[in-house]
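Notes follow once the structure below has been shown.
Reminder, nothing fancy here: chain letters follow the sequence lines and each chain counts from 1. These numbers come from a predicted model, not from an experiment.
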Amino acid sequence: MISKVVSDPDDAVSGIEDGSTILMSGFGMAGHPVALIDALLDQGAGDLTVVSNNAGNGDTGLAALLKAGRVRKVICSFPRQSDSWVFDGLYRSGEIELELVPQGNLAERLRAAGAGIGAFYTPTGYGTSVAAGKETRTIGGRGYILEYPLHGDYALIGAFRADRWGNLVYRKTARNFGPVMATAARITVAQVDRVVGLGELDPETVVTPGIFVDRVVATGERHRLHDDVAPAEVAV
Amino acid sequence: MISKVVSDPDDAVSGIEDGSTILMSGFGMAGHPVALIDALLDQGAGDLTVVSNNAGNGDTGLAALLKAGRVRKVICSFPRQSDSWVFDGLYRSGEIELELVPQGNLAERLRAAGAGIGAFYTPTGYGTSVAAGKETRTIGGRGYILEYPLHGDYALIGAFRADRWGNLVYRKTARNFGPVMATAARITVAQVDRVVGLGELDPETVVTPGIFVDRVVATGERHRLHDDVAPAEVAV
Amino acid sequence: MKGASCRGVDRRVLAARIAQDIPEGSYVNLGIGAPTLISNYLPGDLDIVLHTENGLLGMGPEPTAAEVDPDLINAGKLPVTELPGAAYFHHADSFGMMRGGHLDICVLGAFQVSQAGDLANWHTGDAGAVPAVGGAMDLAIGAKQVFVMMDLLGRDGTSKLVAECSYPLTAARCVSRVYTDRAIFDVTRYGLAVIEVLGDSSVEHLREVTGLDLIDAVPKHPAATAVGSAS
Amino acid sequence: MKGASCRGVDRRVLAARIAQDIPEGSYVNLGIGAPTLISNYLPGDLDIVLHTENGLLGMGPEPTAAEVDPDLINAGKLPVTELPGAAYFHHADSFGMMRGGHLDICVLGAFQVSQAGDLANWHTGDAGAVPAVGGAMDLAIGAKQVFVMMDLLGRDGTSKLVAECSYPLTAARCVSRVYTDRAIFDVTRYGLAVIEVLGDSSVEHLREVTGLDLIDAVPKHPAATAVGSAS
């Protein structure tokens with residue numbers, strides 16, 4: 001029997017080595033796998049490269065990992081936010097490396113890693129400073145830069161529901177980077193609010209097929225997601 | 001009010017010019033937009049280039065269009081089938097041009113067209129005759145060929161349900177090429193079994209957002225799709 | 001009237017003016033900041049489909065406090081709602097939609113726009129600044145029409161409409177039209193054309209404060225001044 | 001025993017043998033034709049997830065006549081079913097999954113396999129033939145392990161295991177293991193290794209009919225002959 005379900009977030013992040021590249025889903029806090037990142041904080045791996053749209057919000061999730069000095073480099077599109085004080089401080093003091101990637105190139109590089117594409121020509125960033133040092137080409141009269149896939153050792157992603165085969169569905173705009181990151185890592189770990197029985201997810205609506213997922217952990221229904229959660233389900 | 005719904009297949013295919021490139025969904029007959037192709041047969045456009053996984057099955061759909069001499073060139077992955085006698089005859093007598101593309105490169109070239117990618121390196125076909133004349137490159141020790149986007153003037157696609165904004169859902173393996181072709185054409189026309197009210201499609205499960213769709217026509221529920229069709233809905 | 005002493009219209013008026021140029025049926029991305037205001041002025045009886053690059057078409061207005069959902073936010077990470085006809089998708093699909101040229105209009109803020117339509121809106125180039133580009137470059141190269149919404153003059157009185165951008169570019173030659181508090185400009189192959197004057201400004205005044213050779217394309221007959229959808 | 005006079009096992013026996021080498025939890029694509037037979041021999045109590053490149057993971061067995069659904073077919077365009085835990089996806093996603101190296105095993109038919117693991121299975125190169133490649137090239141380059149299932153000898157008695165392929169290639173150096181009616185071969189860096197003899201064949205006989213320098217890697221102790229999952 002395939003069962004990718006593990007009992008708690010600590011099991012879910014076990015084995016992550018120092019120096020790993022970790023893909024972390026989320027756009028701000030929506031879809032950000034906070035329970036997995038908290039477990040990673042306890043787990044101890046350091047010298048990490050983190051790929052995530054933002055570079056941490058407030059003091060939880062990625063921000064907490066940054067604050068603990070466990071991240072060597074961040075690859076992201078939008079580090080500067082009203083509540084990115086942890087990253088901002090590290091960046092200004094030269095304690096962290098930043099690779100800034102336009103958001104669409106970040107998503108496409110992750111997709112390319114998952115889909116076996118060797119490299120691709122993108123118009124985004126052509127003629128700007130993010131193209132510095134990159135190969136360019138004119139195709140059909142338009143300028144493009146060559147971008148390479150972005151692979152992760154681990155992906156930590158936040159989703160909504162899973163089954164024991166690792167099939168995932170997401171919820172609203174918390175979907176964001178989860179589906180592409182799930183395809184781009186050697187080991188993909190998903191935190192979901194709840195694991196449902198095999199066959200309970202409609203095959204037409206699965207967003208991430210289980211083939212891309214290695215470990216699943218349920219972290220409990222969240223409050224304030226009233227639209228499809230019956231009161232009896234809220235306590236987990 | 002946005003309404004992309006047109007009254008019949010003839011309206012749906014109006015304006016298609018001689019010499020157009022037409023993307024046609026379907027894997028065999030599953031998802032093949034037969035009503036739209038029948039209407040295109042009546043509409044009269046010729047000298048067409050057709051992009052489709054197969055080159056017609058039996059005597060209907062694309063096979064009928066081929067038989068009527070309206071197609072100059074087919075771009076596909078798998079023309080030869082037990083029931084591809086129309087194409088086979090035209091091909092052997094030199095009356096039709098064939099560009100053979102491995103299935104995954106076909107899908108990816110269509111996606112690239114829809115997603116604004118200028119070109120991409122794919123490992124599929126490297127070192128084989130389908131790579132003849134193509135640019136190659138070794139990346140990370142692996143050989144790749146450079147493939148370019150495949151744009152259509154029109155996409156004719158078969159889906160399952162639509163709303164008036166053109167949002168589409170598909171059914172089972174009839175999904176196949178529809179979603180990528182919808183993104184890759186200047187004008188996308190969808191035939192669906194039934195049009196439902198705006199808001200009746202769950203936003204989490206829409207596969208093709210309406211932004212990619214220009215015209216929708218309902219062609220009636222098909223028999224033998226019993227699992228989600230109430231008897232009262234079958235007559236359209 | 002002289003220099004910076006002219007008064008422009010306020011942001012809400014400008015947002016309402018831009019809303020008039022968004023035709024029914026358009027697929028539109030309203031950038032973070034001031035452009036978000038435009039949604040308040042889109043007529044509720046028209047179908048205009050708003051895109052947010054974090055994965056939603058058919059974005060609705062701000063929720064009530066009771067409706068706020070942490071999983072439903074816009075690109076500025078503010079809570080929003082979904083309308084009937086909405087669709088969710090992941091980031092690669094969302095940016096494919098943008099890069100692939102499917103959005104009709106995006107409206108972006110800017111630090112500077114050049115007379116050739118170059119856009120600078122992501123980085124001041126200051127050594128101490130934390131750079132952040134987000135989806136700006138994808139929107140700038142991807143939308144069929146790129147509208148900019150900005151004040152004509154910075155706080156120090158210098159023109160943000162410039163001969164050449166001094167800030168790092170977001171994308172070259174991407175802007176179609178610039179809506180400022182003092183006038184609306186089209187980017188044409190012949191240079192910037194003033195198509196409508198706002199507040200108590202004038203073409204003469206605009207030339208003076210920008211230092212640019214502006215083409216006067218303001219319709220001379222008031223009856224013809226209503227600018228429809230951008231061409 | 002001499003030349004082609006040896007008898008191999010029949011396809012059903014070979015399919016059952018291949019099924020033993022597919023571990024629980026594998027994601028597997030069974031190619032059109034003979035490899036499809038393997039699904040009949042996968043133990044029903046094991047979770048082995050079958051992929052069909054036309055957009056389904058979790059493919060189930062052939063339906064009853066009453067269950068046949070024209071929208072639910074496999075890559076050979078035959079009706080199939082879906083299992084609990086299934087997922088549908090479009091062609092770009094399906095081939096991304098293949099090309100991206102996510103499938104554990106695919107089993108393909110072949111015209112020829114070379115001792116270096118080159119595969120020829122899509123085109124005989126005959127001038128009159130209508131070429132058709134389908135998804136074969138994507139499977140061949142994409143799966144973590146590529147198994148070939150074929151008769152060792154063609155109808156004319158010539159070996160389909162060859163020094164160099166004479167037919168057009170599907171992909172170079174992609175095959176991991178070759179299951180034939182007379183033996184199972186691993187493709188190694190040192191050449192082809194016979195790891196198991198089937199029917200009344202022998203390594204000696206196999207060398208004779210193929211004309212290849214085959215490595216004898218058949219376990220000498222019968223207790224160790226059960227070949228587990230491919231390494």
Side-chain angles (χ1 to χ4, degrees), chain A residues 25 27-31 53-55 57 76-84 87-88 91-92 98 100-108 110-112 114-115 122-130 142-143 160 170-181 183 207-208 222 224-227, chain C residues 32 52-56 59 66-82 86 88-101 118-120 122-123 125 127-142 165 167-174:
Chain A
S25 68
F27 186 87
M29 296 307 286
N53 187 62
N54 305 112
N57 300 78
C76 78
S77 89
F78 208 81
R80 187 192 61 231
Q81 300 184 268
S82 59
D83 58 355
S84 61
F87 176 84
D88 297 357
Y91 180 78
R92 292 207 172 93
L98 170 66
L100 191 75
V101 182
Q103 200 166 145
N105 290 354
L106 187 65
E108 191 69 8
L110 290 161
R111 180 191 177 273
T122 172
T124 305
Y126 180 80
T128 78
S129 59
V130 301
R142 188 170 200 191
F160 183 51
Y170 301 82
R171 189 167 173 280
K172 303 188 186 286
T173 57
R175 186 182 303 196
N176 58 69
F177 281 91
V180 284
M181 288 183 168
T183 70
V207 173
T208 295
R222 292 165 293 153
R224 309 187 66 176
L225 308 182
H226 300 296
D227 55 356
Chain C
I32 297 175
T52 182
E53 58 262 40
N54 53 319
L56 170 62
M59 180 171 65
E67 287 170 342
V68 167
D69 183 328
D71 287 346
L72 181 48
I73 59 176
N74 66 11
K77 305 193 176 68
L78 300 173
V80 293
T81 51
E82 71 183 34
Y88 293 102
F89 31 84
H90 63 58
H91 249 78
D93 281 350
S94 186
F95 281 76
M97 199 180 282
M98 293 152 71
R99 191 192 309 109
D118 297 344
L119 172 66
W122 71 282
H123 194 14
V130 177
V133 62
M137 290 185 178
D138 301 277
L139 284 166
I141 61 94
C165 292
Y167 292 148
L169 290 194
T170 305
R173 292 162 192 269
C174 63

Most contacts with chain A, counted as non-hydrogen pairs under 4.5 angstrom, among C:Gly55, C:Ala86, C:Ala92: C:Ala92
Which of A:Gly104, A:Pro179, A:Ala174 touches chain C most, by non-hydrogen pairs under 4.5 Å: A:Gly104
From NE2 (C:His90) to CG (A:Leu110), nearest 0.5 Å: 11.0 Å
Segment of C:Tyr88 engaging chain A (4.5 angstrom heavy-atom cut-off): both
Atom pair CG/NE2 of A:Leu106 and C:His91 - distance to nearest 0.5 Å: 8.0 Å
Proximal component of A:Arg80, with respect to chain C [non-hydrogen, under 4.5 Å]: both
Check: A:Asn54 and C:Lys77 side chains under 4.5 Å, non-hydrogen atoms: yes
Exceeds 12 heavy-atom contacts within 6.0 angstrom, atom CZ of C:Arg173: no
Pick from A:Met29, A:Arg111, A:Arg92 with the largest number of heavy-atom pairs that fall under 4.5 Å of chain C: A:Arg92
Non-hydrogen atoms of A:Lys172 and C:Asp71 that approach each other most closely: CB-O, 3.2 Å
Chain A interface, residue from C:Pro168, C:Pro131, C:Ala172 that has the most non-hydrogen pairs under 4.5 Å: C:Pro131
Minimum-distance pair of heavy atoms, taken over all atoms of C:Asn54 and A:Asn176: O-CB, 4.3 Å
Greatest number of heavy atom pairs closer than 4.5 Å to chain C - which of A:Pro102, A:Gly178, A:Ser129: A:Pro102
Inter-residue atom distance C:Asp69.CG - A:Thr173.OG1, 0.5 Å rounding: 8.0 Å
Which portion of C:Ser94 sits near chain A, non-hydrogen atoms under 4.5 angstrom: neither
Top contributor to chain A interface from C:Asp138, C:Asp93, C:Thr52 [non-hydrogen pairs under 4.5 Å]: C:Asp138
Interface moiety of A:Tyr170 toward chain C, non-hydrogen atoms closer than 4.5 Å: neither
Nearest non-hydrogen partners of A:Leu100 and C:Trp122, listed with the distance: CD2-CZ3, 3.3 Å
Side chain, backbone, both or neither of C:Ala129 within contact of chain A (heavy atoms, under 4.5 Å): backbone
Max heavy-atom pair count under 4.5 Å with chain A, selected residue of C:Ala120, C:Gly96, C:Gly134: C:Gly134
Between A:Ser77, A:Gly127, A:Ala107, the one whose heavy-atom pairs under 4.5 Å with chain C are most numerous: A:Ser77
A:Tyr91, part contacting chain C, at a heavy-atom distance under 4.5 Å: side chain
Minimum heavy-atom distance C:Asn74-A:Phe27, with the two atoms named: O-CE2, 3.7 Å
Distance, nearest 0.5 Å, that separates CZ of C:Phe95 from OG1 of A:Thr122: 11.0 Å
Minimum heavy-atom distance A:Thr124-C:Ile141, with the two atoms named: OG1-CD1, 3.5 Å
